[in-house]
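Remember, it's a predicted structure, so these values are computed and weren't measured experimentally. In what follows, chains are A, B, ... by sequence order, proteins preceding strands, each numbered from 1. For the numbers below, each heavy atom of this structure counts, side chains included, while hydrogens, waters and symmetry mates do not.
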Amino acid sequence: MAKRPVDAQVSFPRLEEQVLVRWRERDVFRESLRRREAAQPWSFWEGPPTANGRPGVHHVLSRAFKDIFPRFRTMRGYYVERRGGWDTHGLPVEIAVEKKLGIKTKAEIEEYGIEAFNAQCRESVFEFLEDWNALTERIGFWLDLENAYRTLDASYVESVWWSLKQIADKGLLYEGHRVVPYCPRCGTALSSHEVALGYEDVEDPSVYVRFRVAQDGGPLQAGDELLIWTTTPWTLVSNAAVAVDPELVYVRAKTGTLEAPVVLAEALTEKVLGDPEHVQILDRFPGAALDGVRYEPPFSYLAADEYGERGHTVLLGDFVSADDGTGIVHTAIAFGEDDFRLGQQYGLNVVNPVRVDGTYDERVGSYEGRFVKDADQDLIEDLRRRGRLLRAESYEHSYPHCWRCSTPLLYYAKPSWYIATSRIRDELLAANEQVSWHPEHIKHGRFGDWLENNVDWALSRERYWGTPLPVWRCEQGHVTVIGSLDELEQRSGVRLRDPHRPFVDDVTFACDACGQSATRVPEVIDVWFDSGAMPFAQRHEPFAGEHAVEQLYPADFICEALDQTRGWFYSLLAVSTLLRGPQAPYRHVVCLGLILDDKAQKMSKSRGNVIAPADVIDRFGADALRWYFFTSKQPWDGYLFSPDAVGEGVRLFLRQLWNTYRVCAMYEPGESGEQTDLDRWIRSRLSATTTIVTERLDAYDATVAGRAIAEFVDDLSNWYVRRSRPRFWDGDAVALETLRHSLVTVAQLLAPFTPFIADEIYDNLDGGQPSVHLTDWPEAPARDEALEQAMAIARETVRLGLAARAAAKIKVRQPLHEAVVVAAGRERDAIERLGEVVREELNVKGLRFVSQADELGSYTLKPNYRTLGPRFGKAMPQVAAAVAGLDADHVAEALRDGRPVGIFIDGHDHTLDSDDLQVAMAPLAGYQLEREGSHAVALELAVDDDLRREGLAREIVHAVQLARRDAGLDISDRIVLTLDGDDLLLDAARLHESYLSGEVLAVAVRYSANGSDRVASIEGRELRISVAPA
RNA sequence: GGGCGAUUAGCUCAGUCGGUUAGAGCGCUUCUCUGAUAAGGAAGAGGUCCCAGGUUCGAAUCCUGGAUCGCCCA
């Protein structure tokens, strides 16, 4: 079979483009699916990205990992459907459109028109679709993009509605208040992600305020003063209660400067009141004793009874800390999450005198219309005037601001729709138990913790571009949740083609309960719910009726970046658990880390350190980038990325592989050949590699798998090919088939990693299938582990011998008589078996074995702590001392003969065998010896005339080879060689003429002065060389 | 402020059950090889295994505390 010639100067990026063409022509991806149609499915879910921006290198990372395991599983015989998907809704999309339109607020959006605005959103989410599709194909991510699901499709929205109705039917959907971070200028709540973007260090007031106790209660008397601390004086207007920790110790104390006793946490007394000398502790009691104590509010704009029974009393809270403040926490129900929860617990009413624009309303008297934060100083002054202030300072801390307009955010109680996920917390945890996380610590760490602390899912968003919340409500407050477009049509008579706002907003129907007109609530739902519904919504189930929703679960494999623990990983789990109970929605999750630049800086446009995928792919190729991601490190800890690091992988691995492949394609196999130990060795190594790669990929560990392939290719290139060159020149059929088989198998193992180069190699060296990706994963035949070990020992012997040569400064080209190898038992057998390899590599005529080091060095002994430690424990130092006292030569001899060695410890005799002692050699002076453990190689350095001539013959070969190259000859061209010059050199050439001719492919060697194209100097002697094509 | 993870050679990373000489690749220096040639081989320099305690006969590894970096959350 004629192979395509292989270009040594290959451009991988260009090669990959050619492979892509071949894949398209042969329809390989679809064919790979067709061939497995009847096979057992192995399911992968694509976490949908949003195509409203260009894909970056981090997208290549996740897409590489999303590709490798499905490819592997396909070759293993599974049917792996890989459907693409696009996330199309949500605030990020809206914000991008706002920017484009140059508008910032909801008022401006409504002025622009929701229909027009949403049309812009719809368009923008596919703005970079072509870039995404092109990159996906270019990096070899096999994904069905033609049938990609899209969260904005009516069918998708309908499935989402169906699932929400299921949840509502279980009584888990409710409207409630929650304190949310809110930008008063933009008029919208912010998601936690947005809040995280906007923390700024600011100075806020830090005030200590005295609340007068209204009537005797517990250990307190009317007139005592509760000390509270706050950094938001504007919320004091809405003070509803105070909270104390029931377990914490509080004191009633008298200070010199104040008339009335004050109350605060004991631990904070000095911090708040100063020098203990001037403080008199009147009483100590736990916080629980203060439960129910009534006090006078700091401001009286709002009537006390507005808050309910427990308004302006001391409550018990679990969030009170004794770290700062006073240990008594001012509670304003509408403006803090802890406050709000406590208020709910005690049944306090939510009273909010602040308008949505952040100003006080008419209930706050003269402050009406003022932005709350601007009122801080006047409120403090007011308190001071009325003798209610203890101290006012300022306080620097980080506080969230709107990331778009820098307005300080307010925490603000607002009604929104929730899913009561906290009620299924135990089910979520149980489902999580069945998931295999990679890395493992996510399960009970980041993700498990998050589930443990589950709070209800805030589902609604007061926005425009999203799946509309399918909740209709009549004026009586009766709520109807709609579960399908049909149901809506039946009730309203309206068939929605587009279920988005504003069209859905216009649909009304008569309420079942009271007959009054029901209209949709204005909110859309959190985009994360969209993606969490993807397992069934991508197929429009249950409406399509092809699969029961239950059968669509679980996925065998999903893979996203680590930040998805709170995102898609959670939404998938939550939606699944809400619908189908405590069963894992996915079996294996691979979490990927962040990509930083090579200085550990985050890539960002403002830093200008963003590396575009194309920058790397155009230079090194997609295989190179994939290989880097797979093998440079385990993926979850993140990458310090630089193009040069990708280039290193190309040089070290892809080029090495390519050159090995080139050698294979260069020679035509002849008829004959015999299998050698070297062949058996590389086949055994191949089998071992196949086993480990299979095992590691089964365990979702691409890193160790890939590195194992790299090690094999290194063995193949630097040992098998190097040692087999003469056989290749002869067209040895067995050697060439062994190399071909090795490379074809490597191509298969590599196919999931670097699909392009793998396919190119397969196609040229085998081609039995239209693509390597249509082959079945290779089996691992039986290994010959003894041979693998023997080769390792032989290679170690070579290494030692070469080191000895280097130390003696004798070139490898100069043959030597003998290498003396110290080795016994298995080691000696191994070296003898592979003696020819060792002799050739070391260029020695013979090997002599000595089993004792007596003539080359002396032994030293060391205890093997690993075996002796557990046995002797504390006595180990004595054991070490006893071993040191043994006669090493005797012990070595005894152990060699299999006799145990006795030592005396703590009055008892113990015996040690060869496992318990490590015998090493110490070199004697005057020998050229290299040693490693008990193994050593010494060289006989004497060079006689014969060796000298042989060495010279090799030098002549070297010189002639250089002449051949200078003459521009191809490596297989035959020549007529003419030599002239120094007699000793000519003598050496004549003596070794057949060797010389064979090496330089000379059909004839002449000795005459005729040709002297080139003059070489060998050890100071002159040689004139002429080469002519034969 | 809390949770999770990381910290090993100049750089990028391995390091198994705790075992006494902590490894690889790159880079650097020197040498070598020449039918893969922008490759291959050998040698060398290069380490406070982040720090401090603790457990242990023995700690890069286990425990506690701290530092720094990153992510997530407040």
Side-chain angles (χ1 to χ4, degrees), chain A residues 8-9 181 192-193 195-196 199 321 323-324 337-338 397-398 400 439 441-442 444-450 452-453 561-567 591 593-594 596 598 600-602 628 631-634 636-642 644-645 647-649 651-653 655-656 658-663 666-667 703-704 707 710-711 714 717-719 721-722 725-726 728-729 798-807 809-813 841 862-870 872-880 918 920 930 933 957-959 961-962 964-965 969-972 999-1001:
Chain A
Q9 304 302 318
S192 56
H193 171 70
V195 174
Y199 277 86
S321 107
D323 295 339
D324 48 23
E337 202 171 334
D338 291 331
H397 64 154
S398 75
H441 62 77
I442 302 287
H444 294 122
R446 190 173 284 222
F447 197 65
D449 283 348
W450 162 253
E452 289 278 0
N453 298 310
L562 208 54
D563 54 8
Q564 296 296 331
T565 39
R566 314 283 162 109
C591 301
L594 215 74
L596 306 173
D598 56 354
Q601 297 282 306
K602 217 168 167 171
Y628 166 81
T631 59
S632 70
K633 60 182 307 194
Q634 290 290 354
W636 30 81
D637 293 328
Y639 294 81
L640 299 183
F641 183 83
S642 73
D644 287 344
E648 186 176 312
R651 246 175 351 100
L652 290 177
F653 178 66
R655 287 267 161 206
Q656 185 183 44
W658 188 260
N659 282 327
T660 309
Y661 156 60
R662 194 165 75 93
V663 168
M666 210 150 41
Y667 301 100
T703 309
V704 170
R707 288 175 180 178
E711 258 177 66
D714 192 64
S717 168
N718 281 329
W719 198 246
V721 169
R722 191 155 73 84
R725 271 183 209 142
F728 298 152
W729 305 335
V798 169
R799 198 183 69 75
L800 292 172
L802 289 174
R805 267 188 178 273
K809 294 196 188 307
I810 296 185
K811 292 179 171 187
V812 181
R813 234 181 274 142
E841 286 290 321
K862 276 177 58 180
N864 181 0
Y865 284 87
R866 209 181 260 272
T867 60
L868 296 174
F872 289 98
K874 283 187 186 182
M876 270 313 288
Q878 292 153 265
V879 174
Q918 293 168 338
E930 291 294 324
V957 167
H958 179 208
Q961 299 289 23
L962 291 176
R964 280 182 60 111
R965 191 196 310 166
L969 295 170
D970 190 81
I971 51 165
S972 56
E999 289 296 306
V1000 304
L1001 303 184

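Taking SG of A:C591 as the reference point, atom NE2 of A:H441 lies at 8.0 Å (rounded to 0.5 Å). Rounding to the nearest 0.5 Å gives a distance of 10.5 Å between CE of A:M666 and CH2 of A:W729. Separation of atoms NE2 (A:H958) and CD (A:Q961) is listed at 8.5 Å; rounding is to 0.5 Å. To the nearest 0.5 Å, the span separating CZ on A:F872 from OG1 on A:T867 amounts to 9.0 Å. The OH atom of A:Y661 sits 13.5 Å away from the CZ atom of A:R655 when rounded to the nearest 0.5 Å.
At a threshold of 4.0 Å, the pair A:E841-A:R722 counts as salt-bridged, since one of the basic side-chain nitrogens sits closer than that to a carboxylate oxygen.
Residue A:Q564 contributes atom CD, which lies 11 Å from atom P of B:C73 at whole-angstrom precision. A:F641 places its CZ atom 16 Å from the C1' atom of B:C13, with the value rounded to the nearest Å. One interatomic measurement links the two molecules: CD of A:Q634 to P of B:G15, which rounds to 8 Å at whole-angstrom precision. At whole-Å resolution of the value, OH in A:Y628 and P in B:C11 are 15 Å apart. Distance A:R866 CZ to B:A22 P: 14 Å, rounded to the nearest Å. The CG atom of A:D714 sits 11 Å away from the C1' atom of B:G25 (whole-angstrom rounding). Remark: P of B:G18 and CZ of A:F872 are 21 Å apart, rounded to the nearest angstrom. Distance OH (A:Y639) to P (B:C71): 17 Å, rounded to an integer number of Å.
A distance of about 12 Å separates the P atoms of B:A59 and B:G54, rounded to the whole Å. Remark: the separation of the P atoms in B:C26 and B:C73 is 41 Å, to the nearest Å. Look at the P atom in both B:G5 and B:U21: the space between them is 32 Å, to the nearest Å. Separating the C1' atom of B:C28 from that of B:G46 is a span of 9 Å, rounded to the nearest Å. Of the P atoms belonging to B:A39 and B:G25, the separation is 15 Å, rounded to the nearest Å. Look at the C1' atom in both B:U8 and B:G15: the space between them is 9 Å, to the nearest Å. Using C1' as the reference atom, B:U7 and B:G44 are 28 Å apart when rounded to the nearest Å. Going from the C1' atom of B:G40 to that of B:C50 covers 38 Å, rounded to whole Å.
Among B:G5, B:G3, B:U12, the nucleotide with an atom closest to any side-chain atom of A:R446 is B:G3.
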Item to complete: Dot-bracket notation for RNA chain B is requested: 5' to 3', Watson-Crick or G-U wobble pairs only, both distances under 3.5 Å, with ( ), [ ], | and . as defined.
Response: (((((((..((((.....[...)))).(((((.......))))).....(((((..]....)))))))))))).
Worksheet item: What is the per-nucleotide protein-contact pattern of nucleotides 31-39 of chain B, from the 5' end, where B denotes a base atom under 4.0 Å from a protein heavy atom, S denotes such proximity for sugar-phosphate atoms only, and - denotes neither?
Response: -SSSBBS--
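Qualifying side-chain hydrogen bond (donor to acceptor under 3.5 Å, both in side chains) partners for A:Q634, counting only residues two or more places apart in sequence or in other chains: A:D701, A:T703. Considering only residues two or more places apart in sequence or on other chains, A:N718 meets the side chain to side chain contact (heavy atoms under 4.5 Å, CB included) condition with A:Q656, A:D714.
Contact detail for A:Y628 and A:A645: the closest heavy-atom pair is CE1-CB, 3.6 Å. Considering all non-hydrogen atoms of both residues, A:S632 and A:Y639 come closest at OG-CE2, 3.5 Å. Closest of all the heavy-atom pairs between A:G638 and A:K633 is O-NZ, 2.6 Å.
When ring centroids are compared, A:W450 and A:F447 stay outside the 6.0 Å threshold.
Looking at heavy atoms from C-beta onward, A:V704 lies out of side-chain contact with A:T631 at the 4.5 angstrom threshold. A:T565 places a side-chain heavy atom less than 4.5 Å from the side chain of A:I442. The side-chain heavy atoms of A:R725 and A:V663, taken from C-beta on, include no pair separated by under 4.5 Å.
Among the protein residues, A:L652 comes within range of the sugar-phosphate backbone only, with heavy atoms under 4.0 Å from sugar or phosphate atoms but none that close to a base. A:E841 comes within 4.0 angstrom of nothing in the nucleic acid, heavy atoms only.
Both A:D449 and A:K633 lie near RNA chain B, and the one whose nearest nucleotide falls closer to the 5' end is A:D449.
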Under-3.5 Å N/O pairs linking protein and nucleotides 63-67 of chain B:
none

Would you list the protein and nucleotides 57-62 of chain B atom pairs, both N or O, that sit under 3.5 Å from each other?
residue	atom	partner	partner atom	Å
B:C57	OP1	A:K874	NZ	3.4
B:C57	N1	A:G873	O	3.2

